[in-house]
Amino acid sequence: MSSFSKKIIARNLIHRLPLRSLLIVPFVLQIFAAVGLTGYISLRNGQKAVNDVSVKRVNRLISICQLEGSLCKFQRFETDEALIG
C-alpha cells in the first residue's frame with residue numbers, strides 16, 4: 001500500500017468521525033493522564049514520608065537503648081536473678 005493511499009484512508013476515516021468525538025477524546029486522555037500522574041506522585045511521596053518517619057523512629061529507639069543500655073542490662077540481670085531464686 002502506498003503512502004498516498006494511506007493518506008486517503010486516514011483522511012476518509014477522520015471525515016467519518018463526528019467532530020464531537022474528535023474534540024472530546026484528547027481532553028479525556030489529558031484528564032486521565034493528569035489524574036494518573038498526580039496519583040502516582042502522591043503515592044510515591046506518601047511512601048517516602050512513611051519510610052522517613054519509620055527510620056527516624058528506629059534511630060530514636062536505638063539511641064534510647066544505647067543511652068540506657070546499662071540500665072537495661074541491670075534490669076535483665078535482676079529478672080534473671082529473680083527467676084533463679
Side-chain angles (χ1 to χ4, degrees):
M1 194 181 284
S2 70
S3 65
F4 182 71
S5 60
K6 288 180 183 178
K7 287 180 183 179
I8 290 175
I9 292 172
R11 186 178 295 145
N12 287 337
L13 181 65
I14 289 174
H15 286 296
R16 286 185 197 161
L17 289 174
L19 180 62
R20 185 177 193 177
S21 297
L22 289 174
L23 293 175
I24 290 175
V25 170
F27 288 115
V28 170
L29 290 175
Q30 260 186 333
I31 290 169
F32 276 116
V35 169
L37 184 63
T38 303
Y40 171 73
I41 291 171
S42 175
L43 178 67
R44 194 179 66 184
N45 285 340
Q47 288 174 340
K48 186 178 177 185
V50 168
N51 191 29
D52 290 346
V53 169
S54 65
V55 166
K56 287 179 183 178
R57 184 73 174 171
V58 167
N59 287 339
R60 179 177 159 98
L61 289 173
I62 289 172
S63 66
I64 288 172
C65 284
Q66 286 174 347
L67 289 174
E68 298 179 1
S70 58
L71 179 62
C72 292
K73 289 177 187 175
F74 180 72
Q75 287 174 344
R76 265 189 265 138
F77 177 74
E78 282 183 341
T79 56
D80 290 343
E81 287 293 320
L83 289 175
I84 293 173

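Numbering of residues begins at 1 and proceeds along the displayed sequence.
Interatomic distance, Asp52 CG to Lys56 NZ, rounded to the nearest 0.5 Å: 6.5 Å. In this structure, the separation between OH on Tyr40 and CG on Asn45 is 10.0 Å, given to the nearest 0.5 Å. Distance CG/Leu19 to CD1/Ile24: 9.5 Å, rounded to 0.5 Å.
The closest side-chain heavy-atom distance from Asn51 to Gln47 is not below 4.5 Å.
For the residue pair Ser21 and Pro26, the shortest heavy atom distance occurs at O-CD, 4.3 Å.
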